[in-house]
Number of protein chains: 2
Amino acid sequence: MSMNNRILVIEDDKAIGNLIKMTLSTQGYEYDIAIDGKSALQKVLSMPPDVIILDLGLPDMDGIEVINKIRGWSQTPIIIVSARGEEHDKIHALDAGADDYVTKPFSVDELLARIRVALRRVKKDSLLDMELPIFTNGNLKIDYLANTVFIRGEEVHLTPIEYKLLVVLAKHVGKVLTHNFLLKEVWQQVLPSDVPSLRVFMATLRKKIEENPANPKYIQTHVRVGYRMLRYEEE
Amino acid sequence: MSMNNRILVIEDDKAIGNLIKMTLSTQGYEYDIAIDGKSALQKVLSMPPDVIILDLGLPDMDGIEVINKIRGWSQTPIIIVSARGEEHDKIHALDAGADDYVTKPFSVDELLARIRVALRRVKKDSLLDMELPIFTNGNLKIDYLANTVFIRGEEVHLTPIEYKLLVVLAKHVGKVLTHNFLLKEVWQQVLPSDVPSLRVFMATLRKKIEENPANPKYIQTHVRVGYRMLRYEEE
DNA sequence: ATTCAATCTTAATACTGTCTTAATGCTAGT
DNA sequence: ACTAGCATTAAGACAGTATTAAGATTGAAT
């Protein structure tokens, strides 16, 4: 949920590049730098950033061309940084698909504010084309957005680990998940000593979501292997 | 392309108002002018525009305040026009929810380009329908226009951060919001050291809006995760 | 510039919920 | 009936939370 935002800086001037780099890292953003148009396009493709900061004066390519190419397949916000204050450039860049424009010499704080505006927008857009974030299986519902779980219409409160465990099972309904896999997913590591602990969590989870925990309907045990969630029709 | 795009210009300087007016009409935009904050808010409410152009230096209201109020229920793009080139203003306006910023004296063509950028965006997320400028949940009311909060009919005074926090919770009623998310929304950044501070604000907020802060009805704690506001029926 | 009031931040304390661990009881397969 | 693996319970350790109050900041008014 709390992955850092990635920002791609396309800038050939080392001094300015460093300034931006330092600024971004103090704010906790992840960043990547490209020093020409060609490598920039590759990076946009291979590791899509959340925001792009683009210097118009690149050595190998016209800035407008870079925007056009990126806009060919990506809607990532682009903030232009340019030494030339000429109207002409600004307007062309904006019409080509850039979202914003900052003129050198620019204030670091202003650039940060404009990045925040762009990120605000990214977040909104990404919610739109997401699938419905509600999982349903029989009488069980998981609302991934709200982080809530319902059983027979009633909300049940799960602790963080219980919730994570249930989500992992739900994401793989019908599949048998090994102890190792579950431990890795939930605790991000595997210590053999953790298997007993996994059992404890299964017990509390079942107590909360199963009508009869001794005869579990949703979470099935596979001896010596792991657990799986069974898939049921809607009702 | 059947209906023209509507633009609301909030500007008290007649000369600049006329300039913008003429520019917009030659481009085939429909426009409306408001000369103060109060009438501007009414117009946003009664005839929602596609883009808002806002001069920060209004006679009756601080510009930031106008942005805050509009953003209480509407996501219409706001382009700031301001004589003051000071960083402080820019950053505050952008963080308050403005989308873009143009400093006087500005080029007409640049303004038009920025309007086009804003409109490009409007089309994309016009699916989002507007909310009402008043939020109600059980005995709690938030008037986004007046920036006031009522509990059991009584107005309570909240400090700016308390208010922002409550608004964020209200905008996502029913959803569990992580500490990180809340910090990002309210402070625009996340420093781990801020989590304790978040708790302090929750305490004061609860003291003000909860009947029994020890058994909160509205703001629920999710240990190791965050907080959420519970949704209640009207009464 | 200086003062003052309001708000924000930080730190300290007591407290609570969650996690881990270990012990005990249970079940199925041989 | 014996054994291996699983379920269940409960206690203590731990991490996370509520609350208070004192110090630092901010912004407005003089």
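Side chains are part of it too, since the values below use all heavy atoms of this structure and drop only hydrogens, waters and symmetry mates. The model shown is predicted, which means the values in this text are computed figures rather than measured ones. Here is how names work: the chains are called A, B, and so on, in the same order as the sequence lines, proteins then strands, and each is numbered from 1.
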[X]: partners by ring-ring contact (aromatic ring centres under 6.0 Å, His included), with sequence neighbours left out:
X        : value
A/Phe201 : A/Trp187
B/Tyr31  : none
A/His222 : none

Distance in angstrom units between [X] [atom1] and [N] [atom2], rounded:
X        : N      : atom1 : atom2 : value
A/Leu165 : C/dT18 : CG    : C1'   : 15 Å
A/Lys164 : C/dT18 : NZ    : P     : 18 Å
A/Lys208 : D/dA7  : NZ    : C1'   : 17 Å
B/Ile219 : D/dA18 : CD1   : P     : 10 Å
A/Asn215 : C/dT27 : CG    : P     : 11 Å
A/Glu162 : C/dT20 : CD    : P     : 11 Å
A/Leu198 : D/dT8  : CG    : P     : 14 Å
B/Asp62  : D/dA28 : CG    : C1'   : 14 Å

*Report the end-to-end axis angle of the helix from C/dT9-D/dA22 to C/dT30-D/dA1; each axis comes from five terminal pairs, and the value is rounded to 10°.*
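Taking five pairs per end, the axes differ by 30°.
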
[N] phosphate, OP1 or OP2, under 4.0 Å from [X] side-chain N/O:
X        : N     : value
A/Thr221 : D/dA7 : yes
B/Trp187 : C/dT9 : yes
B/Tyr163 : C/dT7 : no
A/Arg224 : D/dG5 : yes

*Check DNA chain D against residues 154-161 of chain B and give the residues with a non-hydrogen atom under 4.0 Å, in numerical order.*
none

Using side chain to side chain donor-acceptor pair (under 3.5 Å) as the criterion, list what pairs up with [X], not counting sequence neighbours.
X        : value
B/Asp32  : B/Lys43
B/Asp55  : B/Lys104
B/Lys208 : B/Glu162

*Pairwise side chain to side chain donor-acceptor pair (under 3.5 Å) hits with a residue in residues 145-154 of chain B, at least two apart*: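 Of all non-adjacent pairs touching residues 145-154 of chain B, those that pass side chain to side chain donor-acceptor pair (under 3.5 Å) are B/Asn147-B/Tyr163.
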
*asked:* Both A/Tyr227 and B/Gly226 contact DNA chain D. Taking the nearest nucleotide for each, which residue is further toward the 5' end?
replied: A/Tyr227

Could you tell me whether [X] and [Y] have a side-chain N and a carboxylate O separated by less than 4.0 Å?
X        : Y        : result
B/Lys175 : A/Asp143 : no
A/Arg6   : A/Asp50  : no
A/Arg120 : B/Asp99  : no

*What pairs with B/Met61 under side chain to side chain contact (heavy atoms under 4.5 Å, CB included), at least two apart in sequence or on another chain?*
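With sequence neighbours excluded, B/Met61 shows a side chain to side chain contact (heavy atoms under 4.5 Å, CB included) to B/Leu41, B/Glu65, B/Val66, given in chain and number order.
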
Under 3.5 Å, which N/O atoms of the protein pair with N/O atoms of nucleotides 19-22 of chain D?
residue, atom, partner, partner atom, Å
D/dT20, OP2, B/Lys207, NZ, 3.3

Check residues 16-24 of chain A and write down every donor-acceptor pair under 3.5 Å in which the side-chain atom is one partner and the other belongs to a residue at least two apart or another chain.
residue, atom, partner, partner atom, Å
A/Asn18, OD1, A/Lys21, NZ, 3.4
A/Asn18, ND2, A/Lys14, O, 3.4
A/Thr23, OG1, A/Leu19, O, 2.7

